[in-house]
Amino acid sequence: VDKPPVRRVAIFGGTHGNELSGVFLVKHWQENGAEIQRTGMEVKPFLTNPRAVKKCTRYIDCDLNRVFDPDNLGRTVVEDIPYEVRRAQEINHIFGPKGSDDAYDLIFDLHNTTSNMGGTLILENSRDDFTIQMFHYIK
């Protein structure tokens, strides 16, 4: 399959504000991003849930990972909209819109856990040959 090259990559940390590995890496790369930059590619480190990070809690109103669906992304912004829903809309605007030609080519969302499961990679789509090959390379 002939696919265009990956040109824009985002690295998310802090989707869950109490998972600090991604937070520390993203902050490090925001200050000194030379180690993640590659010729011909834009790599953007991004702190996804800064309010939860500041409170060192998983989320403020609801799990940010659970609100990137069409209903929440298309929701009207009103005063009492949950913080993470509004944040998902902002992230979708910056890195998307999700599924569009303008969307970033690849997003790594860094998480950590207290479970003894070693390094874990989770695919959004297991039918994408490029992503599968990349995961094999990383592993």
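Below, each value reflects all heavy atoms present in this structure, side chains not excepted, and no hydrogens, waters or symmetry copies.
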Could you list the residues that satisfy side chain to side chain contact (heavy atoms under 4.5 Å, CB included) with Thr113, not counting sequence neighbours?
-> Ser115, Met117
What residues form a side chain to side chain contact (heavy atoms under 4.5 Å, CB included) with Arg75, not counting sequence neighbours?
-> Asn72, Ile81, Pro82, Val85, Gln89
Heavy-atom closest pair, residues [X] and [Y]:
X: Val26; Y: Gly13; value: CG2-N, 3.4 Å
X: Ala88; Y: Val67; value: CB-CG2, 3.7 Å
X: Gly17; Y: Leu20; value: O-CD2, 3.7 Å

Expected output: side-chain Asn92 to main-chain Pro97 donor-acceptor under 3.5 Å = no
Interatomic spacing from [atom1] in [X] to [atom2] in [Y] - rounded to 0.5 Å:
X: Asp105; Y: Arg7; atom1: CG; atom2: CZ; result: 8.5 Å
X: Gln133; Y: His136; atom1: CD; atom2: NE2; result: 6.0 Å
X: Thr15; Y: Arg66; atom1: OG1; atom2: CZ; result: 11.0 Å
X: Arg86; Y: Arg51; atom1: CZ; atom2: CZ; result: 10.5 Å
X: Thr48; Y: Ile11; atom1: OG1; atom2: CD1; result: 12.5 Å
X: Leu73; Y: Glu90; atom1: CG; atom2: CD; result: 12.0 Å

If you define the side chain from C-beta out and look only at heavy atoms, does anything of [X] sit under 4.5 Å from [Y]?
X: Thr57; Y: Asn18; answer: no
X: Met134; Y: Val6; answer: no
X: Ile36; Y: Pro45; answer: yes

Candidate list Leu64, Ile91, Asn65, test side chain to side chain contact (heavy atoms under 4.5 Å, CB included), partner Asn49, passing option | Leu64
Set of ring pair (Phe, Tyr, Trp, His ring centres under 6.0 Å) partners for Tyr59, sequence neighbours left out = none
Do Glu84 and Arg87 sit within salt-bridge range, that is, some charged N less than 4.0 Å from a carboxylate O?
-> no
Same cluster (ILVMFWY, side-chain, under 4.5 Å), [X] and [Y]:
X: Val43; Y: Phe135; value: yes
X: Ile138; Y: Ile107; value: no
X: Phe108; Y: Met41; value: yes
X: Phe130; Y: Val9; value: yes

Residues 24-33 vs salt bridge (charged side-chain N to carboxylate O under 4.0 Å, His left out), sequence neighbours excluded, gives none
Quick note, ring-ring contact (aromatic ring centres under 6.0 Å, His included) partners involving residues 13-44, not counting sequence neighbours, are His16-His111
Sequence neighbours excluded, which residues qualify as salt bridge (Lys or Arg N to Asp or Glu O under 4.0 Å) partners of Asp63?
-> Arg58
ring-ring contact (aromatic ring centres under 6.0 Å, His included) partner of Phe12, chosen from Phe95, Phe68, Tyr104 = Phe95
